[in-house]
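Take a look at the structure set out below.
All heavy atoms count here, side chains included; hydrogens, waters and symmetry mates do not. Along the sequence shown, residues carry numbers from 1.
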Amino acid sequence: MKKGLISAACLGTTVAFAQVKDTLQTKNVEEVVMTASRKKENIKEVPSSITVVAEKQIQSQLTVNSDITSILQYTVPSLGTNSGQTSNTGQTLRGRQVLVLIDGIPQSTPLRNGARDLRVIDPSAIERVEVIKGASSIYGNGADGGIINYITKRNKTDKKISGISQIGFTGQPYGGTLGVRASQLLSGKVNKFDYTLSLAYERTGYMKDADGVYLSPTYSTAKMDNYNGMLKLGYDINDNQRIEASYIGYSSKSDLNLGLKTGKYGITPTIGEGEGKILETTPQGTPRNHNIRVSYDNKNLFAGTSLNINLYYQDFKTVYGYSDTFFNGGQSNVLSKKAGARFNFDTQLWNSPNSQGEIIYGADILNDQTVQKLEDGRFWTPNMSMTNIAPFVLAKIDLFKKLTIKGGLRYENIKVNVDDFNTLSVIKSDGTFTTSIPVAGGKLNYNALVGNIGIRYNIEPFINLFGSFSQAYSINELGRILRTSTSETIQSLETKPIIVNNYELGATGQISNWLNYELTSYVSTSKLGASFVQSPDRALMIQRSPEIVYGVEGFLHFTPVKWLQFGGSYSWMEGITSVKDDGDYSTKINNSRISAPKVLAYVQAKPIPALSIGLDMLHSFKQDRFSPNAKGLYAYGEGYVPEYTVFNFKSSYEVNRNWRLSLGIENLFNKLYQPNISWWAARDSDFTNSLGMRGTFMVEYKF
């Protein structure tokens with residue numbers, strides 16, 4: 001691999017908490033190479049922070065819970081805690097929305113964020129997860145808080161066929177909770193061809209809290225069939241050229257028929273009880289997520305220049321449960337189709353013993369068509385079609401094998417076409433329904449030049465300093481603005497984009513052979529941010545105002561002896577806004593974006609070579625940032641969040657070189673608690689308990 005290739009966003013990386021705890025054999029984490037920045041890079045040459053959740057860490061967490069939102073909450077310090085449901089509402093990154101990718105293919109739907117973009121692939125198909133923290137324009141619209149990129153598995157052998165077969169069972173100490181999952185991975189190489197095939201299926205049982213009570217059926221993962229399939233084919237034309245094609249398909253559908261008993265916020269949880277209304281026209285979940293990608297690489301196109309081309313297509317649909325909030329009732333969905341192309345040229349300018357220089361240039365093209373409808377065909381948002389053409393240029397200089405300087409520019413040219421539509425009649429706080437009005441569509445144009453620059457100085461192995469400035473450019477959630485329109489034309493609505501400036505300073509290093517650390521501080525600003533707030537009639541609306549989000553995060557990782565490692569991470573953030581844009585930043589951004597401080601800790605040991613045992617801890621601190629009104633009620637997003645601590649146990653035993661047994665226990669001490677969203681949402685229907693103790697037993701055969 002060519003050393004020092006620049007990232008396409010000039011963001012760079014430093015290895016973080018989840019990566020260094022990947023394996024007991026990890027010694028020199030500084031040599032880890034990432035591809036989240038669209039070009040492979042050496043970790044010593046990058047000027048900002050990234051978390052990499054490596055394959056062994058994913059497999060270890062999979063033993064406890066196959067929900068990727070749970071895996072990420074235990075491995076990414078500055079990511080919000082999950083809800084335990086199909087929705088990832090509130091699971092922000094550094095207080096802002098995140099752009100989710102699979103092998104660089106966008107999964108998020110920024111035009112109408114349905115909060116279903118994290119659970120779009122089975123973890124068994126993932127080789128690693130790369131999390132770029134902080135605003136980024138690397139993949140375009142939607143990365144205000146960063147990027148989560150699922151890198152799928154690939155062939156790593158010269159054998160004609162190799163594979164891993166897994167079968168497992170999940171369950172709680174209560175009836176009806178038994179579930180089953182199975183996965184099969186096949187890969188190999190025949191002459192110049194290589195392939196990877198991954199299949200996974202999971203059927204979940206009922207989900208119950210620590211007292212054995214059914215969890216709320218709203219956005220439930222209970223009684224759900226999850227399917228995932230991936231086929232990746234590659235052909236090495238010669239030593240310099242390669243072509244690869246892949247298809248990834250995911251589907252989740254729940255047939256849960258459980259009634260809803262609404263509780264009282266802060267007192268009695270909302271639970272599942274009795275039978276449901278059987279009003280759903282479609283099982284809730286994500287019935288389809290198709291991703292097709294074709295890539296071409298040429299390492300020597302001309303005069304020290306390489307070329308990478310990626311073409312992709314995504315077809316996504318997610319479906320929500322039945323709701324009486326619509327006139328005559330209904331069931332909503334989000335539909336999105338994306339087609340895009342990325343062209344990257346990499347030219348080495350010079351390469352001398354004490355300095356190297358290179359430049360990357362190219363363009364990204366994306367068309368995103370998104371709409372939110374009811375299953376009966378009524379439109380909740382109009383059809384929205386976004387076309388984005390973004391040329392970019394980036395440069396990198398390495399000096400004396402210690403100092404790295406990066407900088408780049410990207411020009412965003414975005415056009416959005418919005419169809420004419422009629423707003424949907426929905427219920428108001430007084431029990432009446434809004435009046436449907438016609439809204440004339442039209443065209444919206446957005447243009448901006450965004451940039452980034454970073455520097456890293458590797459003083460000694462025990463102290464490396466880095467700092468960076470980066471920007472993100474996002475169209476605000478246009479669909480939500482349009483669906484609540486009170487105007488008959490989109491031209492009179494507030495549809496200005498969000499430009500985020502992210503500043504980061506950090507230090508990382510390795511002290512002796514047994515201690516690794518990182519400490520990072522950051523500030524992100526936006527002249528016109530966006531948050532959900534509650535209007536006087538308790539309806540949700542988007543507030544646009546200047547914002548500042550700032551925080552710190554860090555980790556320590558110890559390996560005192562070969563068979564033992566332990567460590568932890570801490571993250572804290574705060575967000576403030578000037579509601580009247582008058583320089584007064586005394587108002588805080590609510591808890592739907594600003595996550596409670598979080599500590600992650602772990603210990604992992606191999607008392608004998610065949611046996612691995614570990615314990616993970618998540619501690620979420622209390623969050624008391626707002627006061628209730630005179631009636632004792634909190635506004636949406638402002639509820640008091642109490643602290644909680646939960647432990648997970650995981651273990652594996654290698655019977656021989658082919659067979660492995662694994663046992664994981666989620667919520668080891670069967671703690672009764674509520675997820676953070678239950679508290680900060682401050683709504684009776686959202687006040688739910690978390691999952692009680694749940695075990696997973698898996699058998700693996702490797703060949």
Side-chain angles (χ1 to χ4, degrees), residues 13-22 26 29 48-53 57 61 69-82 90-96 98 129 131-134 145-146 148 462-467 502-511 514-524 549-560 565-575 588-589 591 593-604 614-625 641-648 673 675-676 679-680:
T13 59
T14 49
V15 73
F17 173 67
Q19 167 64 24
V20 295
K21 58 180 282 210
D22 171 54
T26 298
V29 297
S48 58
S49 177
I50 185 172
T51 292
V52 177
V53 188
Q57 181 69 3
Q61 292 291 335
T69 65
S70 176
I71 293 174
L72 292 175
Q73 78 167 341
Y74 277 95
T75 52
V76 182
S78 52
L79 185 71
T81 54
N82 77 337
Q91 203 164 10
T92 59
L93 183 62
R94 288 189 174 179
R96 299 185 185 274
V98 62
V129 184
V131 184
I132 297 177
K133 293 173 286 186
I148 295 177
F462 61 85
I463 179 68
N464 303 311
L465 303 177
F466 60 88
N502 185 75
Y503 307 85
E504 184 175 24
L505 289 173
T508 184
Q510 181 170 334
I511 301 174
W514 58 275
L515 171 61
N516 298 95
Y517 73 91
E518 179 177 296
L519 180 64
T520 306
S521 62
Y522 60 88
V523 177
S524 68
V549 178
Y550 53 94
V552 294
E553 60 186 78
F555 75 84
L556 287 172
H557 169 75
F558 301 90
T559 311
Q565 63 175 338
F566 58 92
S569 71
Y570 173 76
S571 59
W572 173 90
M573 70 183 71
E574 182 56 276
K588 296 181 179 179
I589 300 172
N591 300 335
R593 285 178 45 194
I594 304 303
S595 303
K598 183 176 73 170
V599 166
L600 301 173
Y602 72 95
V603 60
Q604 186 176 339
L615 190 69
D616 286 340
M617 182 206 77
L618 186 157
H619 178 80
S620 178
F621 289 86
K622 74 175 182 179
Q623 198 172 28
D624 188 9
R625 304 169 65 238
V641 180
E643 66 180 356
Y644 69 86
T645 306
V646 65
F647 293 87
N648 294 339
Y673 70 102
N676 286 352
W679 292 96
W680 60 249

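Contact detail for Thr75 and Leu600: the closest heavy-atom pair is N-CD1, 4.1 Å. When all heavy atoms are compared, the tightest approach of Ser48 to Glu504 is CB-OE1, 3.1 Å. Nearest approach of Leu465 to Ala507, heavy atoms of both residues: CD2-CB, 3.8 Å. In this structure, Phe558 and Gly567 approach most closely via the heavy-atom pair CD1-CA, 4.5 Å. Contact between Pro77 and Thr51 at its shortest, heavy atoms only, is CD-OG1, 3.8 Å. Considering all non-hydrogen atoms of both residues, Asn464 and Gly509 come closest at ND2-CA, 4.3 Å.
Looking at heavy atoms from C-beta onward, Tyr517 lies in side-chain contact with Ile463 at the 4.5 angstrom threshold. Put simply, the side chain of Tyr644 reaches to within 4.5 Å of the side chain of Leu618, judged on heavy atoms. Between Val599 and Met617 the shortest side-chain heavy-atom distance falls below 4.5 Å. By the 4.5 Å heavy-atom criterion applied to side chains, Pro675 and Thr81 are not counted as neighbours.
Between the side chains of Asp616 and Gln61, at least one donor N or O lies within less than 3.5 Å of an accepting N or O.
With rounding to the nearest 0.5 angstrom, the CD atom of Gln73 is 8.5 Å from the CG atom of Leu79. Here the OG atom belonging to Ser620 is positioned 12.5 Å from the CH2 atom belonging to Trp679, to the nearest 0.5 angstrom. From Asn516, atom CG reaches atom CZ of Phe555 across 6.0 Å, with rounding to the nearest 0.5 Å. Here NE2 of His557 is found 4.0 Å from OH of Tyr602. Values are rounded to the nearest 0.5 Å. For the atom pair CG of Asn82 and OG of Ser70, the computed distance is 5.5 Å after rounding to the nearest 0.5 Å. Met573 CE to Tyr522 OH: the interatomic distance, rounded to the nearest 0.5 Å, is 4.0 Å.
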Could you go through Ile594 and Lys588, starting from their C-alpha distance and side-chain angles, then the distance that decides it, and tell me whether this counts as side-chain contact (heavy atoms from CB on, under 4.5 Å)?
CA-CA 9 Å; Ile594 304 303; Lys588 296 181 179 179; over 6 Å; no

Step by step, would you call Ser49 with Glu518 a side chain to side chain donor-acceptor pair (under 3.5 Å)?
CA-CA 9 Å; Ser49 177; Glu518 179 177 296; 2.8 Å; yes

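Side-chain atoms of Gln623 do not come within 3.5 Å of backbone N or O of Asn591 as any donor-acceptor pair. Side-chain N or O atoms of Thr92 include one that pairs as donor or acceptor with a backbone N or O of Arg593 at under 3.5 Å. Lys598 contributes no side-chain N or O that, together with a main-chain N or O of Ser569, makes up a donor-acceptor pair within less than 3.5 Å.
Under the salt bridge (charged side-chain N to carboxylate O under 4.0 Å, His left out) criterion, Glu553 pairs with Arg94, Lys133, sequence neighbours left out. Here Trp572 pairs with nothing under the side-chain hydrogen bond (donor to acceptor under 3.5 Å, both in side chains) rule; sequence neighbours left out. With sequence neighbours excluded, the residues that form a side chain to side chain contact (heavy atoms under 4.5 Å, CB included) with Val98 are Leu93, Val100, Ile148.
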